Amino acid sequence: QVQLVESGGGLVQAGGSLRLSCAASGRTYTIYAMGWFRQAPGKERDFVARISMSGVSTYYGDSVKGRFTISRDNAKNTVYLQMNTLKPEDTAVYYCAADRRRGYNPDYVLSDKYDYWGQGTQVTVSS
């Protein structure tokens, strides 16, 4: 099993920045890639970003490209999401997730392809 714990959420004004962290523990050697998703009230859980644990490959959702950056520190088993130029529409609960599948999988944007999930952290962007 793998446990994921997010932190770093909060309230920020539009145009501001936040950095989310996701600390993994347990059988972390089984993780191939990690992702961030977000879910606003009454909406689907949407893909935000993904990074392979090698750090070679990163992917972003269209709505966050150029504003968010995903990174990882394998020594700390931690993945980060740096969020800049935040907008009110970025308001959501942000979840990190771990994918055990090896290699490139084009369905990485689908939340049901991930094996483990954190509890989520709230991000609220005021206008």
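Here the structure is a predicted model, which means the values were calculated and not measured.
- Judged by the 6.0 Å distance and 45° axis criteria, Arg19 is positioned over the aromatic ring of Tyr80.
- Put simply, CE on Met83 and CG on Leu18 are 4.5 Å apart, with the number rounded to the nearest 0.5 Å.
- Atom CZ of Arg101 has more than 12 neighbouring heavy atoms from other residues, nucleotides or ligands inside a 6.0 Å radius.
- Of the possible polar contacts, one joining the Glu6 side chain to the Gly120 backbone as a donor-acceptor pair under 3.5 Å is found.
- Annotation: Tyr108 is in aromatic contact with Phe47 [ring centroid separation under 6.0 Å].
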Residues Met34, Leu4; criterion side-chain contact (heavy atoms from CB on, under 4.5 Å); working and verdict: CA-CA 10 Å; Met34 293 189 65; Leu4 303 174; 3.6 Å; yes
Check against side-chain contact (heavy atoms from CB on, under 4.5 Å), Tyr59 and Val109: CA-CA 9 Å; Tyr59 306 91; Val109 300; over 6 Å; no
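- We find that Asp115 and Arg100 are joined by a salt bridge, their nearest charged nitrogen and carboxylate oxygen being less than 4.0 Å apart.
- In this structure, Tyr114 has its ring center under 6.0 Å from that of Phe37.
- Side chains of Asn84 and Ser17: a donor on one and an acceptor on the other come within 3.5 Å.
- Across every non-hydrogen atom of Gln119 and Val5, the tightest pair is OE1-CA, 3.8 Å.
- For the residue pair Thr121 / Arg38, no side-chain donor-acceptor distance below 3.5 Å is found, with atom types taken as modelled.
- Ion pairing between Asp90 and Lys87 fails under the 4.0 Å rule for side-chain N and carboxylate O.
- In this structure, Ser52 contributes its side chain and Ser57 its backbone to a donor-acceptor pair below 3.5 Å.
- If you take CG on Leu86 and OG on Ser126, they are separated by 10.0 Å, rounding to the nearest 0.5 Å.
- Counting all heavy atoms, side chain and backbone alike, Tyr116 lies closest to Gln1 at CE2-OE1, 3.3 Å.
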Full working for side-chain contact (heavy atoms from CB on, under 4.5 Å) between Trp36 and Ile70: CA-CA 9 Å; Trp36 286 95; Ile70 190 170; 3.6 Å; yes
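- Looking only at distances, no side-chain donor or acceptor of Thr28 sits under 3.5 Å from a matching main-chain atom of Ser25.
- Nearest heavy atom pair, residue Lys43 against residue Gln39, reads O-NE2, 3.1 Å.
- For the pair Arg45 and Tyr95, the cation-pi criterion (under 6.0 Å, within 45° of the ring axis) is fulfilled.
- No donor-acceptor pair under 3.5 Å is formed between the side chain of Arg72 and the backbone N or O of Thr78.
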